[in-house]
There are 2 protein chains.
Amino acid sequence: MCRGSTYDVRMAQTNGRTSRRDIYLKLRQMVLTLELAPGAALSENELAASLGVSRTPVRESLILLAQEGLVQVFPKIGSFVSRVDPAQVADAQFLREAVELASLDSLPDRLDTAVVAELRDNLARQRRADLGLEEFFALDEAFHHGLMRLGGHGDVWKTVAAAKGHLDRARRLGLHENVSPAVFAAQHHEIFDAVVGGDLPLARTAMRTHLRAVFDDIERIRAHSPELFAADASTVPVRRNVVVWE
Amino acid sequence: MCRGSTYDVRMAQTNGRTSRRDIYLKLRQMVLTLELAPGAALSENELAASLGVSRTPVRESLILLAQEGLVQVFPKIGSFVSRVDPAQVADAQFLREAVELASLDSLPDRLDTAVVAELRDNLARQRRADLGLEEFFALDEAFHHGLMRLGGHGDVWKTVAAAKGHLDRARRLGLHENVSPAVFAAQHHEIFDAVVGGDLPLARTAMRTHLRAVFDDIERIRAHSPELFAADASTVPVRRNVVVWE
DNA sequence: CGACAGATGCTTGTATACAAGTACTTCGCG
DNA sequence: CGCGAAGTACTTGTATACAAGCATCTGTCG
């Protein structure tokens, strides 16, 4: 009697009210898009008031973001958006390169035609001239995720995505000043053609070149404007009134 | 005025009282060591009472564990230790293999002698005959982490470790019935010798063989006793009184 | 004018009360 | 005896109150 019953996930979401999941996703998006700048002070009370909820869901969201490394919480002092840590950027670069290259190695002989079509459409959209920055990033994310799905490791992308928050923010810093999504789009094309053409070595080198280009772009922007990068990970940022001051 | 000041992490820990960090680590350890069996029901109230704290820190710990995939929380229904998900086990296997092999590729010419000595000592301890299961797992963890540190990617191990909870539990299931840490210890030796000997290809093949052996061990135990593995990820386990019943 | 001490306002951490909903139990009825 | 429906005990989600501590501002004294 009473076997396990299936649980409908939608019921937890369609409450209508903004739940913790919404708050977490919203805050995460704001951090990744630099709408919440690195080093900015986050007050649980202020966020709760501005979102129209109590401290509890805000606090729980901040705890999750802290575990991802996107937020730092100092007890009795304050919570802050993490400064972009070059070490974490390099770690994320290493991780994604290792995983994405290994995924290429495990591509099956016959590719999922639906995913291939999806990628082809994705690349077409990347070619559009009137492409906004966030739109490009979304397409970029979907493209790399799609390649992982071709290798049968679509779920592993979640782990990579969660670990590359610092890298994503660094990329946005770079592309803010130095628009060049067209170059990356062309590299995406090269990778895709090699994959569908079955040329594994070429796909590997193209992917490696692409990811390294992204990383070099970040290093360049770091030398250009280092104030948003973290010097020491355990350094408390300046307080709010001083932030207003600047 | 008022530049950023350094924050002493120890202050947040030496409160004496069991804080959320302690509770989180304790629960996580209990889940990984199967002291909390897959499928077991977790009540925030019961855990709070048994740990002598309120629901708040317990709840926040469960939220973190849920993000790691070790716990499933169903609103208004209950929280449960996740059943070992074969898909997540395979994902973790793919991830760690990709990362650890890539780390071998990035080994420097001159290895950190301190880490090498540490690894040598680690291997000596693995040889001891009176080795407990959890002791072996701790040494295994430290060994692989040490290899990553040699490649300069020690921090990446945190990401891998966080993602391989399901794989670790599957390993413990396997080694509970089928003691063979000696085989794995010998493989560790082989990897280590190839690394210090500078034989990169041999190190790669030895590592791959080792990780695949671990994975095959898991597949074997899954065929042997599948009741602790998840059939469908969104299936609610049986309720508490029924758990007492069985 | 300078420096030290207390007051104040902010922060996060924890405990508790309430809200909403599920699942099982039990009682009443046919 | 079978079955249905109200009731009860439990769950998690949220809001709120209190506790403890750091940083700054301010008042006072030398």
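Order of the sequence lines sets the chain letters (A, B, ...), proteins ahead of strands, with each chain counted from 1.
- Leu47(B) has its CG atom 15 Å from the P atom of dC10(D), to the nearest Å.
- One can place CZ of Arg55(A) at 8 Å from C1' of dG13(C), the figure rounded to the nearest angstrom.
- Nearest-nucleotide mapping onto DNA chain D: of Glu44(B) and Thr56(B), the residue sitting toward the 5' end is Glu44(B).
- dC10(D) atom C1' lies 13 Å from atom NZ of Lys76(B), rounded to whole Å.
- For the pair Ser43(A) and dT11(C), the criterion of a side-chain N or O lying under 4.0 Å from OP1 or OP2 is met.
- In this structure, Arg171(A) does not pair ionically with Asp168(A), as no charged nitrogen and carboxylate oxygen lie closer than 4.0 Å.
- When the C1' atom of dC10(C) is taken as reference, atom CG of Leu42(A) falls 15 Å away, rounded to whole Å.
- A donor N or O paired with an acceptor N or O is not found under 3.5 Å between the base of dG13(D) and the side-chain atoms of Arg21(A).
- Comparing dT14(D), dT11(D), dT12(C) by their nearest atom to the side chain of Ser19(A) picks out dT14(D).
- In this structure, Arg20(B) reaches the sugar-phosphate backbone alone: every heavy-atom distance under 4.0 Å involves primed, P, OP1 or OP2 atoms, never a base.
- Atom CG of Asp22(A) is separated from atom P of dG13(D) by 13 Å (rounded to the nearest Å).
- In this entry the distance linking CD of Glu60(A) with P of dT12(D) reads 12 Å, nearest Å.
- One finds a side-chain N or O of Ser79(A) lying less than 4.0 angstrom from the OP1 or OP2 phosphate oxygen of dT12(C).
- The existence of a salt bridge linking Arg125(B) and Glu135(B) is excluded, since no basic side-chain nitrogen approaches an acidic carboxylate oxygen closer than 4.0 Å.
- Checking dT16(C), dG21(C), dT14(D) against the side-chain heavy atoms of Pro57(A) singles out dT14(D) as nearest.
- Remark: P of dA17(C) and CZ of Arg59(B) are 17 Å apart, rounded to the nearest angstrom.
- In this structure, the nucleotide among dC22(D), dA15(D), dT12(D) sitting nearest to the side chain of Ile77(A) is dC22(D).
- Between Phe74(B) atom CZ and dG21(C) atom P the separation is 19 Å, expressed in whole Å.
- Just one residue in the list Leu47(B), Leu70(B), Val81(B) forms a side chain to side chain contact (heavy atoms under 4.5 Å, CB included) with Leu36(B), and that residue is Val81(B).
- In this view, Glu219(B) satisfies the side-chain hydrogen bond (donor to acceptor under 3.5 Å, both in side chains) rule with no residue, not counting sequence neighbours.
- Every residue meeting the salt bridge (charged side-chain N to carboxylate O under 4.0 Å, His left out) condition with Glu141(B), not counting sequence neighbours, appears here in chain and number order: Lys164(B).
- Contact annotation: Asn45(A) side-chain N/O to dC10(C) OP1/OP2 distance is not under 4.0 Å.
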